[in-house]
Each structure stands twice: as C-alpha cells, then as structure tokens.
Amino acid sequence: EFPGCGNLITSAQFLFIAIEGFIFEADFGRKRPAIPIRFYLIMVAMFFTVSVVNNYALNLNIAMPLHMIFRSGSLIASMALGIVILKKRYSVYKYASIALVSAGIFTCTFMSARQVSSDSSRNEDEDSISVFLWWLLGIAALTFALLMSARMGIFQETLYKQFGKHSKEALFYNHALPLPGFLLLAPDIYRHAVLFTQSEPFQVPGLGLSLPIMWFYLVMNVVTQYVCIRGVFILTTECTSLTVTLVVTLRKFVSLIFSILYFRNPFTTWHWIGTLFVFVGTLMYTEVWNTLGLWKDPEKKQDNKKLE
C-alpha cells in the first residue's frame with residue numbers, strides 16, 4: 001500500500017535493535033568495544049548506504065520479487081571483489097555456479113524490463129519513456145548496493161580476522177551508529193508515519209488494543225526482523241559459513257515465494273526459470289552437494305587421487 005515506506009521501516013528496525021543492544025550488550029555505555037569505533041564507523045557508512053539505496057530502489061519501478069532476486073546475487077559481487085581485492089582464486093565448479101546465478105538474474109531482469117516496456121507502451125505520452133528510465137535508474141541503484149554490500153562483507157572479514165568475532169557487539173554498533181543519519185530522511189519518515197496513522201484501525205488479538213493496522217504491521221516487522229538478524233549473527237559464531245550462507249539463501253527463497261503469492265506480483269515462467277537458476281547456483285557456490293554426498297568437485301577428486 002505504501003511502496004516508499006522503506007525508510008520508516010528501516011529506521012524503526014535500527015532503533016529497536018540499538019536500544020536492545022545499548023541495554024544488554026553495551027551495558028548502558030559502560031562496556032568498551034573490542035573493535036575500535038573508527039572501524040565500526042566505516043562499516044556503518046557502508047551498511048547505511050546499502051540500506052537506504054535498497055529502499056529507494058523500490059520507488060524506481062522495481063518490483064519486490066525482482067528486488068529480492070537481484071539481492072540474491074550477492075555471491076557474484078562477493079566473488080568478483082574477492083578476486084580483485086583479496087586476490088582469491090576459485091575452482092571451475094564455483095565459477096560455473098557464478099555463471100548460473102548471473103544467468104538467473106539476467107533472465108529476471110530482462111523479463112521485468114519487457115513488462116515495464118509493455119506497461120509503458122500503453123501510454124503514448126512522454127511518461128512512458130520516463131517510467132522505463134526510472135526503472136533503469138532502479139537497476140543501477142540495486143547494482144551499486146550489491147557491490148557496496150560485497151565490499152562491506154570483505155571489510156568485515158578482514159576486521160574479524162584482526163580483532164576476533166564479536167557478533168553481538170557488531171550487531172549493536174551497526175544499528176546504533178547510523179541512527180543520526182536517519183535525520184536526513186526525517187521528512188520522508190514523518191510523511192509515511194502520518195500515512196500509517198491514517199490507516200484503518202485494527203484490533204490486536206488478545207490485548208484488546210486498537211491501533212492503525214500499518215503500525216501493527218510495522219511492530220510485527222520489527223520483531224521478526226530482530227529475530228532473523230539476531231539468528232544470523234549467532235549462526236556466524238556457532239556454525240560454519242556454509243551453514244550460514246545456506247540458511248540465508250533458503251530464507252530469501254521462502255520470502256520470495258511468499259511475496260509472489262501474498263502480494264500477487266506478476267511472475268512469468270521465465271521469472272521462475274531465473275529464480276531456479278539463482279537458487280541452484282547459490283547452492284552450487286556453497287557446495288551443499290558435496291556435504292550431502294550428491295556431487296563431487298572434479299578438482300577435489302583429482303586432489304584426493306594424488307593423496308592416495
């Protein structure tokens with residue numbers, strides 16, 4: 001109902017997690033951080049930029065399924081920047097998975113472009129060209145956010161190697177330090193807060209309270225987002241990176257399916273094929289087939305033979 005409310009939602013999420021972390025992790029500011037604040041400031045600048053750009057992309061004729069699929073291609077950007085910055089090298093099997101994910105994103109992007117073009121062609125005025133140009137700007141914004149997010153991941157990786165893993169501390173500072181930046185978005189946040197207040201009333205089950213339904217949705221979103229991101233940060237310390245990546249990938253895929261079914265977004269056969277490419281390619285990248293014993297990397301087979 002309010003496609004531009006992303007800044008309000010994000011600011012509410014950040015505020016809730018920051019308050020919780022200030023009380024239980026920072027001990028009301030009495031606990032000194034294990035990682036110097038200057039490094040958190042760099043990380044936060046990246047994190048805040050990615051969040052804001054991803055939110056504004058929804059205002060640029062980007063449908064939610066395309067938005068989610070595009071962001072699922074983070075493995076591509078991560079591998080590319082890892083090769084350039086960290087001088088990493090990967091097996092042919094992983095390069096194949098990158099090609100598959102790339103093909104999936106290209107398929108979905110191309111089909112969405114055709115939908116935008118067909119919708120625009122119904123109008124014979126200059127507005128039809130404007131719609132498509134805004135869509136192209138949205139794709140550029142998603143691409144920038146994708147690369148920035150990958151760069152942030154590499155920065156975090158080098159940071160944790162140097163200072164050790166402090167997931168709860170990182171969760172707190174990543175959400176507390178960006179809060180002043182939301183003052184720049186105050187007019188947009190206030191405007192959507194007013195729109196939320198004007199939404200139809202909703203009776204909260206079991207509590208007997210009545211509040212605008214959009215505020216109820218916002219509260220539920222904040223709570224579920226906290227549970228989700230807290231779980232991801234815990235996984236990074238308790239499980240292997242393979243498990244974390246696989247869980248996050250499955251969560252994105254389930255969210256995508258729910259978005260399509262609940263919001264009734266247009267989704268063609270080509271979109272499904274592209275989604276399948278992204279999903280299978282991501283699983284190939286995480287080498288889940290090796291873990292399950294369903295497939296072996298040819299290069300690893302040769303290594304095993306040499307050892308024998």
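Source: prediction; values computed, not measured.
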Practice problem: Show the numbers, then the answer: is there a side-chain contact (heavy atoms from CB on, under 4.5 Å) between Gln162 and Thr158? | Solution: CA-CA 6 Å; Gln162 182 178 356; Thr158 56; over 6 Å; no
Group every Ile, Leu, Val, Met, Phe, Trp and Tyr by side-chain heavy-atom contacts under 4.5 Å, then state whether [X] and [Y] land in the same group.
X: Ile229; Y: Val223; answer: no
X: Val204; Y: Trp215; answer: yes
X: Tyr56; Y: Met46; answer: yes
X: Leu183; Y: Leu8; answer: no
X: Val44; Y: Phe155; answer: yes

When the aromatic ring centroids of [X] and [Y] are compared, is their separation below 6.0 Å?
X: Phe39; Y: Phe163; value: yes
X: His175; Y: Phe16; value: no
X: Phe47; Y: Phe14; value: yes

Practice problem: Report yes if some heavy atom in the side chain of Val53 is under 4.5 Å from a heavy atom in the side chain of Met148; otherwise report no. | Solution: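 No - every pair of side-chain heavy atoms lies 4.5 Å or more apart.
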Quiz item: Side chains of Gln203 and Leu209: does their closest heavy-atom pair fall under 4.5 Å?
Solution: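 SC-SC contact between Gln203 and Leu209 ruled out.
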Practice problem: State whether the number of non-hydrogen atoms from other residues, nucleotides or ligands found under 6.0 Å of Tyr190 atom OH is greater than 12. | Solution: no
Quiz item: Does Glu200 reach the main-chain N or O of Pro212 with its side chain, forming a donor-acceptor pair under 3.5 Å?
Solution: no
Quiz prompt | Salt bridge flag under 4.0 Å for residues Glu20 and Arg230 | solution = yes
Quiz item: Parallel, tilted or perpendicular: which fits the ring planes of Phe22 and Phe28, with parallel below 30° and perpendicular above 60°?
Solution: perpendicular
Exercise. Might you point out which heavy atoms bring Leu81 and Leu147 nearest each other, and give the distance in Å?
Key: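 Smallest interatomic distance, heavy atoms only, reads CD1-O, 3.4 Å.
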